[in-house]
Chemist: 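One structure, as C-alpha cells, below. Some questions next.
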Amino acid sequence: KHNPEGDTEFLEDETTKIFARKVADHYSARTNQTLEEREASVIIHLKKLNNWIKSVLVQLYARRGDAVLDLACGKGGDLIKWDKARIGYYVGIDIAEGSIEDCRTRYNGDADHHQRRKKFSFPARLICGDCYEARLDHILADDAPFDICSCQFALHYSWSTEARARRALANISALLRPGGILIGTMPDANVIVKKLREAQGLTFGNSVYWIRFDEEHAEKKFNASSPFGIKYLFHLEDAVDCPEWIVPFHVFKSLAEEYGLELVFVKNSHEFVHEYLKKPEFVDLMRRLGALGDGNQDQSTLSPDEWEVAYLYLSFVLKKRGQPDRA
Ligand code: SAM
C-alpha cells in the first residue's frame, strides 16, 4: 500500500472520490417534498420515527446556549429540533450543494411557501463541504469549540477508507470541547451482516428497502481482512438510493477512543424505542410527531416492513475526554 509512488493510494482515493460524488449527487438531486407528498410516502411513519429518535437525542443532550456542529446536516431537517432546545449557535455542513441550498432556504424562511414559523432564534453558518476529507478544524477555527456534534444517518459514508473514517473522527474530536458530546445514528452492521448471512444470495430486503452486496465486498466482509470499504447498495423507497459502507461498531468504538471520544451508549433503534417510550415526555413527543397511533403501541402506525427498516439502524452517544469547561 505504501509504495514509493503511492499509486495504490492514489487509485483508491480516486475511486473513493467518485463514490463520495455519487452520494453527494444523489442527495443533491432529491428535491424538497410538499407536505402532501411527504404524508403520502410509504415510509412516512418510519421518517417520523427517525425524527422522534433524533429529537430524543437532542432533548437528552442539548442545553440552552450550546454551540452545535451538525455534520452532514442535509436539508436542515433538524433545525427545529435545535431551536426547541434553545441552542446558541449552529454550524451545518453537507457535501450536497442542493441540500445546503434547501437548508439555507429553510433557515432564512421560505418566502414562496409563506412560512409561518418565526425565525430561528440562533445564528447559523451553513457550509458545503466534504466532512470526511476536509480539515474542518481549519475551516471552523473561529467557530470552535462546540458543545455538541450531531451526525445523523451519515457517519457510515465516511467508512469507505480508513483515511476518511479517521478524518471524520479527527474533525469531530478537534472541534468538540472537553466533555463535549457526539450524538448520531447510522446503520447497525450487526443486523445487516446477520441478514446477509441468512439471505439466499447477496441481496435482501422487503417491500420498502433492499440491500445488495457485490461478491468482492461480501467476501471481504467474511474474511474480515479490512473493516473499511465494505460497500453495499442501499435502496429505501422514496428516500435513499446510493452506495454505503458497513461500519463494524467495535472498530468504530476503538477508533473513536484513539481520538479521545468515549462511548456513552449504543442502541439499536428497536431497543431505543422500547427504552425511551417508557418515559411519558417522549411518548408525548412521539404522539405530537404523529409516529404513534392512539393505541400507545410503539410501532402501531409503522408497517411491519418499516419497523424492519428501523431495525437496520442504531443510535450512539460519545463523549470527548477531558474536564468540561463548565458545570
Ligand atoms: N443529517 C440529515 C438528516 O438526518 O436529515 C441528512 C441525512 S441523509 C440520510 C445523509 C446526508 O449525508 C446527506 O445529506 C449527504 O449529502 C450527507 N453526506 C454524505 N457524505 C458526506 C460527506 N462526505 N460530507 C458531508 N456530508 C455528507
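We number each residue from 1, following the sequence as shown. Just so you know, these numbers use all the heavy atoms, side chains as well, and skip hydrogens, waters and symmetry mates. Whatever order the structure lists them in is the order used to number ligands and atoms, beginning at 1.
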Chemist: Is Lys267 positioned over the aromatic face of Phe265, cation under 6.0 angstrom from the ring centre and no more than 45 degrees off axis?
Modeler: yes
Chemist: Below the 3.5 angstrom mark, is there an N/O of Ile93, backbone or side chain, next to an N/O of ligand 1?
Modeler: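 No.
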Chemist: Taking 4.0 angstrom as the limit and counting only heavy atoms of Arg164, give me the atoms of ligand 1 inside it, by number and element.
Modeler: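 Listed by number with element: 23 (N).
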Chemist: Regarding Asp143 and Tyr89, is there a side-chain donor-to-acceptor distance under 3.5 Å anywhere?
Modeler: yes
Chemist: How far is atom 24 (N) of ligand 1 from its nearest protein heavy atom, and which residue and atom name does that atom have?
Modeler: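 Scanning the protein heavy atoms, the shortest distance from atom 24 (N) of ligand 1 goes to Cys131 N, 3.0 Å.
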Chemist: Going by distance only, is there an N or O of Asp70 that falls short of 3.5 Å from an N or O of ligand 1?
Modeler: no
Chemist: Look at ligand 1 and say whether His26 reaches it with a heavy atom at a distance under 4.0 Å.
Modeler: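 Contact absent.
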Chemist: Donor-acceptor check, side chain of Ser173 to backbone of Ala170, threshold 3.5 angstrom: yes or no?
Modeler: no
Chemist: Would you check whether Gly129 reaches within less than 4.0 Å of ligand 1, judged by its heavy atoms?
Modeler: yes
Chemist: Give me the residue, atom name and distance of the protein heavy atom closest to atom 8 (S) of ligand 1.
Modeler: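 Heavy-atom neighbour on the protein nearest atom 8 (S) of ligand 1: Tyr27 CE2, 3.5 Å.
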Chemist: When you look for heavy atoms under 4.0 Å from ligand 1, do you find them on the side chain of Cys73, its backbone, both, or neither?
Modeler: backbone
Chemist: List ligand 1 atoms under 4.0 Å from Ala154, heavy atoms only on the residue side.
Modeler: 12 (O)
Chemist: Considering only non-hydrogen protein atoms, determine which one is nearest to atom 7 (C) of ligand 1 and report residue, atom name and distance to 0.1 Å.
Modeler: Gln152 O, 3.5 Å
Chemist: Answer side chain, backbone, both or neither: which part of Val23 comes under 4.0 Å from ligand 1, heavy atoms only.
Modeler: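 Contact part for Val23 vs ligand 1: side chain (C-beta onward).
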Chemist: Using the rule side chain to side chain contact (heavy atoms under 4.5 Å, CB included), only one of Asp25, Ile100, Asp130 pairs with Ile95; which is it?
Modeler: Asp130
Chemist: Report the part of Glu133 (side chain from C-beta onward, or backbone N, CA, C, O) that has a heavy atom under 4.0 Å from ligand 1; answer both or neither where that applies.
Modeler: neither
Chemist: Do we see a donor-acceptor contact under 3.5 Å between the side chains of Tyr157 and Arg164?
Modeler: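 Tyr157 vs Arg164: no donor-acceptor pair found between side chains.
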Chemist: Looking at Lys195, is its backbone amide N or carbonyl O close enough to the side chain of Glu198 to form a donor-acceptor pair, meaning the two atoms are under 3.5 Å apart?
Modeler: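 Not at all, since once roles are kept as given, no pair shorter than 3.5 Å links the two residues.
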Chemist: For the pair Arg125 (side chain) and Ile93 (backbone), establish whether a donor and an acceptor sit closer than 3.5 Å, ignoring hydrogens and angles.
Modeler: no
Chemist: Quick one: nearest non-hydrogen protein atom to atom 2 (C) of ligand 1, plus distance?
Modeler: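 Of every protein heavy atom, Ala72 O, 3.4 Å lies nearest to atom 2 (C) of ligand 1.
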Chemist: For ligand 1, is there an N or O atom under 3.5 Å from any N or O atom of Lys54?
Modeler: yes
Chemist: Any sub-3.5 Å donor-acceptor pair from His45's side-chain atoms to Thr301's backbone N or O?
Modeler: yes
Chemist: Quick one: does Lys75 get within less than 4.0 Å of ligand 1, heavy atoms only?
Modeler: no
Chemist: Hey, would you say the Phe316 and Phe252 ring centroids sit under 6.0 Å apart?
Modeler: yes
Chemist: Could you list the atoms of ligand 1 found under 4.0 angstrom from a heavy atom of Ala96?
Modeler: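 Listed by number with element: 16 (O).
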Chemist: Which residue and atom name correspond to the protein heavy atom nearest atom 14 (O) of ligand 1, and how close is it?
Modeler: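 Answer for atom 14 (O) of ligand 1: Asp94 OD2, 2.7 Å.
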Chemist: Using the rule salt bridge (Lys or Arg N to Asp or Glu O under 4.0 Å), only one of Lys320, Lys319, Arg321, Lys253 pairs with Glu262; which is it?
Modeler: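 Between Glu262 and the candidates, salt bridge (Lys or Arg N to Asp or Glu O under 4.0 Å) is satisfied uniquely by Arg321.
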Chemist: Starting from atom 26 (N) of ligand 1, locate the nearest protein heavy atom and write down its residue, its atom name and how far away it is, to 0.1 Å.
Modeler: Ile95 N, 3.2 Å
Chemist: How far is atom 10 (C) of ligand 1 from the closest protein heavy atom, and which atom is that?
Modeler: Phe153 O, 3.5 Å
Chemist: Is it the case that the side chain of Ser28 and the backbone of Glu97 share a donor-acceptor pair, with hydrogens and angles ignored and the cut-off at 3.5 Å?
Modeler: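 Side chain of Ser28 to backbone of Glu97: a pair is present.
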Chemist: Of all the non-hydrogen atoms in the protein, which one sits nearest to atom 23 (N) of ligand 1, and at what distance?
Modeler: Asp130 OD1, 2.8 Å
Chemist: Does a donor on one side chain sit under 3.5 Å from an acceptor on the other, for Ser303 and Glu306?
Modeler: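 A donor-acceptor contact under 3.5 Å links the two side chains.
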